[in-house]
Enquirer: 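Below you'll find the structure I mean.
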Amino acid sequence: MSPPYYADLGKKSSDVFSKGYHFGVFKLDLKTKSESGVEFSSGITSNQESGKVFGSLSSKYAVKDYGLTFTEKWNTDNTLATDITIQDKIAAGLKVTLEGTFAPQTGSKTGKLKTSFANDTVAVNTNLDLDLAGPIVDVAAVLKYQGWLAGANTQFDTQKAKFSKNNFAFGYQTNDFALHTNVDNGKEFGGSIYQKVSDKLECGVSMKWTSGSSDTLFGVGAKFALDSDASLHAKLNNKSLVGLGYQQKLRPGVTLTLSAAIDGQNFNAGGHKVGVALELEP
């Protein structure tokens with residue numbers, strides 16, 4: 001099995017803290033697929049605090065004979081995006097993606113060229129911002145040896161002629177255990193532990209600290225599968241912020257998620273958040 005990409009280091013632990021929660025929003029996601037193989041995804045999110053409603057629509061079509069995938073996206077901010085991806089055709093394990101966005105109201109345009117390559121021992125990805133005034137080059141790599149992982153991520157701003165990011169990470173990963181530590185720009189430190197205790201219980205621990213600050217963020221989280229269709233989620237950090245979630249598959253392709261965020265330090269003052277999400281997929 002190939003090592004994870006740099007952005008996916010510590011993902012098992014972060015999933016315990018992020019999946020199964022939708023605080024302060026009402027959300028509806030719909031996925032479907034046409035007979036010709038075109039995949040459609042649409043979603044609408046209503047933010048309870050701001051009252052803003054955000055919607056998005058995307059279509060995806062794969063030409064498997066040529067290893068090509070075309071993706072079109074649109075959202076209610078009136079931004080159009082197009083992605084073209086070719087995978088395993090130029091070389092085995094290599095994926096190349098050309099991304100472009102256009103905002104008709106402002107005329108703003110962006111472009112990115114992304115590449116990723118993975119085999120049994122290394123995972124490398126690059127991100128080139130296609131800005132003629134001076135592109136930003138982002139490069140990351142992860143090496144794997146007998147379960148141990150070592151990664152580096154650097155970003156160079158050609159317009160300013162300086163490195164804007166220098167990140168390093170180390171870890172160890174098996175099928176049911178993952179340890180991850182990282183240092184970002186020599187100032188921000190983080191770490192996480194993930195363990196699959198049993199077929200029903202997954203646990204995660206996360207810590208973040210910034211140099212020059214005495215404030216440390218520490219959290220624990222867990223996911224417990226009640227059965228094959230229902231699961232409970234819970235997390236707590238050292239600021240007494242509690243997150244609770246319940247996820248239920250109502251029927252094949254229909255999943256309901258209920259979540260609540262509770263401020264334990266100001267329990268009587270209110271400000272707690274609830275969220276509801278419904279996912280529909282044939």
Side-chain angles (χ1 to χ4, degrees), residues 2-19 71 73 75 77 79 81-85 87 90-91 93-103 108-119 121-145 147-173 178-194 204-219 237:
S2 62
Y5 291 106
Y6 190 90
D8 292 330
L9 289 173
K11 186 177 184 299
K12 288 186 176 181
S13 178
S14 64
D15 283 349
V16 173
F17 287 90
S18 60
K19 289 189 175 181
T71 306
K73 303 175 184 178
N75 59 42
D77 289 337
T79 300
T82 301
D83 300 349
I84 303 174
T85 300
Q87 186 170 2
I90 300 175
L94 177 63
K95 179 181 177 181
V96 180
T97 302
L98 180 62
E99 297 182 358
T101 65
F102 175 60
S108 174
K109 298 183 289 289
T110 65
K112 291 183 179 180
L113 178 63
K114 296 182 177 182
T115 65
S116 59
F117 173 81
N119 58 24
T121 58
V122 64
V124 181
N125 60 288
T126 66
N127 189 336
L128 176 62
D129 187 354
L130 302 178
D131 187 352
L132 298 179
I136 296 176
V137 183
D138 190 285
V139 181
V142 176
L143 295 175
K144 177 183 177 182
Y145 179 72
W148 291 96
L149 302 170
N153 176 213
T154 185
Q155 189 177 85
F156 183 73
D157 190 335
T158 59
Q159 189 173 1
K160 298 180 180 179
K162 70 174 185 179
F163 288 95
S164 54
K165 183 191 295 182
N166 287 291
N167 303 336
F168 301 92
F170 299 93
Y172 180 78
Q173 183 171 308
L179 171 68
H180 169 251
T181 60
N182 66 280
V183 181
D184 294 348
N185 295 318
K187 298 180 179 179
E188 298 179 5
F189 301 83
S192 66
I193 299 174
Y194 165 87
V205 178
S206 177
M207 184 189 72
K208 294 181 180 180
W209 174 69
T210 301
S211 178
S213 172
S214 59
D215 190 17
T216 300
L217 184 62
F218 177 83
N237 64 23

Enquirer: Within the structure provided, determine whether L217 and N237 are in side-chain contact (heavy-atom separation under 4.5 Å).
Expert: yes
Enquirer: Taking the side chain as every heavy atom from C-beta outward, state whether L113 and V96 have any pair of such atoms under 4.5 Å apart.
Expert: yes
Enquirer: Ignoring hydrogens and geometry beyond distance, is a side-chain donor-acceptor pair present between S206 and S192 at under 3.5 Å?
Expert: no
Enquirer: Is any side-chain heavy atom of Y194 less than 4.5 Å from a side-chain heavy atom of V16?
Expert: yes
Enquirer: State, to 0.1 Å, how close Y5 and V142 come at their nearest heavy-atom pair, and which atoms those are.
Expert: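 Reported closest heavy-atom pair: C-CG2, 4.0 Å.
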Enquirer: Do I136 and Q155 pass the side chain to side chain contact (heavy atoms under 4.5 Å, CB included) test, and can you show the C-alpha distance, the side-chain angles, and the key distance before you say yes or no?
Expert: CA-CA 7 Å; I136 296 176; Q155 189 177 85; 3.4 Å; yes
Enquirer: Side chains of K19 and S14: closer than 4.5 Å at any heavy-atom pair?
Expert: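 No, every pair of side-chain atoms sits at 4.5 Å or beyond.
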Enquirer: Run the side chain to side chain contact (heavy atoms under 4.5 Å, CB included) check on N182 and L9 step by step: do they pass?
Expert: CA-CA 9 Å; N182 66 280; L9 289 173; over 6 Å; no
Enquirer: For D129 and K112, work out which heavy atoms get closest and say how close.
Expert: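 That would be CA-CG, 4.4 Å.
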Enquirer: Salt bridge (charged side-chain N to carboxylate O under 4.0 Å, His left out) for K165 and D184? Distances and angles first, verdict last.
Expert: CA-CA 8 Å; K165 183 191 295 182; D184 294 348; over 6 Å; no
Enquirer: Step by step, would you call H180 with K12 a side chain to side chain contact (heavy atoms under 4.5 Å, CB included)?
Expert: CA-CA 10 Å; H180 169 251; K12 288 186 176 181; over 6 Å; no
Enquirer: Under 3.5 Å, is there a donor-acceptor pair between the side chain of N185 and the main chain of K187?
Expert: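 Absent.
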Enquirer: If we check side-chain contact (heavy atoms from CB on, under 4.5 Å) with L128, which of these qualifies: L130, T126, D131?
Expert: L130
Enquirer: Taking the side chain as every heavy atom from C-beta outward, state whether K144 and V122 have any atom pair closer than 4.5 Å.
Expert: no
Enquirer: Show, in sequence, the C-alpha distance, side-chain angles and deciding distance for Y6 and N167, and conclude whether the side chain to side chain contact (heavy atoms under 4.5 Å, CB included) test is met.
Expert: CA-CA 10 Å; Y6 190 90; N167 303 336; 3.3 Å; yes
Enquirer: Any side-chain heavy-atom pair from S211 and F189 closer than 4.5 angstrom?
Expert: yes
Enquirer: Can you see which heavy atom on F218 is nearest to which on M207, and at what distance?
Expert: CD1-CB, 4.2 Å
Enquirer: Examine the side chains of N153 and D138 and answer whether a donor and an acceptor come within less than 3.5 Å of each other.
Expert: yes
Enquirer: Please determine whether a side-chain nitrogen of the Lys or Arg among K208 and E188 lies less than 4.0 Å from a carboxylate oxygen of the Asp or Glu.
Expert: no
Enquirer: Please name the pair of heavy atoms, one in G219 and one in F17, separated by the smallest distance, quoted to 0.1 Å.
Expert: O-CZ, 3.6 Å
Enquirer: Roughly how far, to the nearest 0.5 Å, is the CG atom of D8 from the CG atom of L149?
Expert: 11.5 Å
Enquirer: Are the side chain of T154 and the backbone of V139 linked by a donor-acceptor contact shorter than 3.5 Å?
Expert: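 No, T154 side chain to V139 backbone: no donor-acceptor pair under 3.5 Å.
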Enquirer: Without hydrogens or angle criteria, can the side chains of N119 and S2 be said to hold a donor-acceptor pair below 3.5 Å?
Expert: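 No, because no side-chain N or O of N119 sits under 3.5 Å from a partner of the opposite role on S2.
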Enquirer: Which atom names give the shortest non-hydrogen contact between K109 and F102, and what distance separates them?
Expert: CG-CD1, 3.4 Å
Enquirer: Nearest heavy-atom pair of Q173 and P4: which atoms, and what distance?
Expert: OE1-CG, 4.3 Å
Enquirer: Kindly check if the number of other-residue, nucleotide or ligand heavy atoms within 6.0 Å of NZ (K95) is above 12?
Expert: no
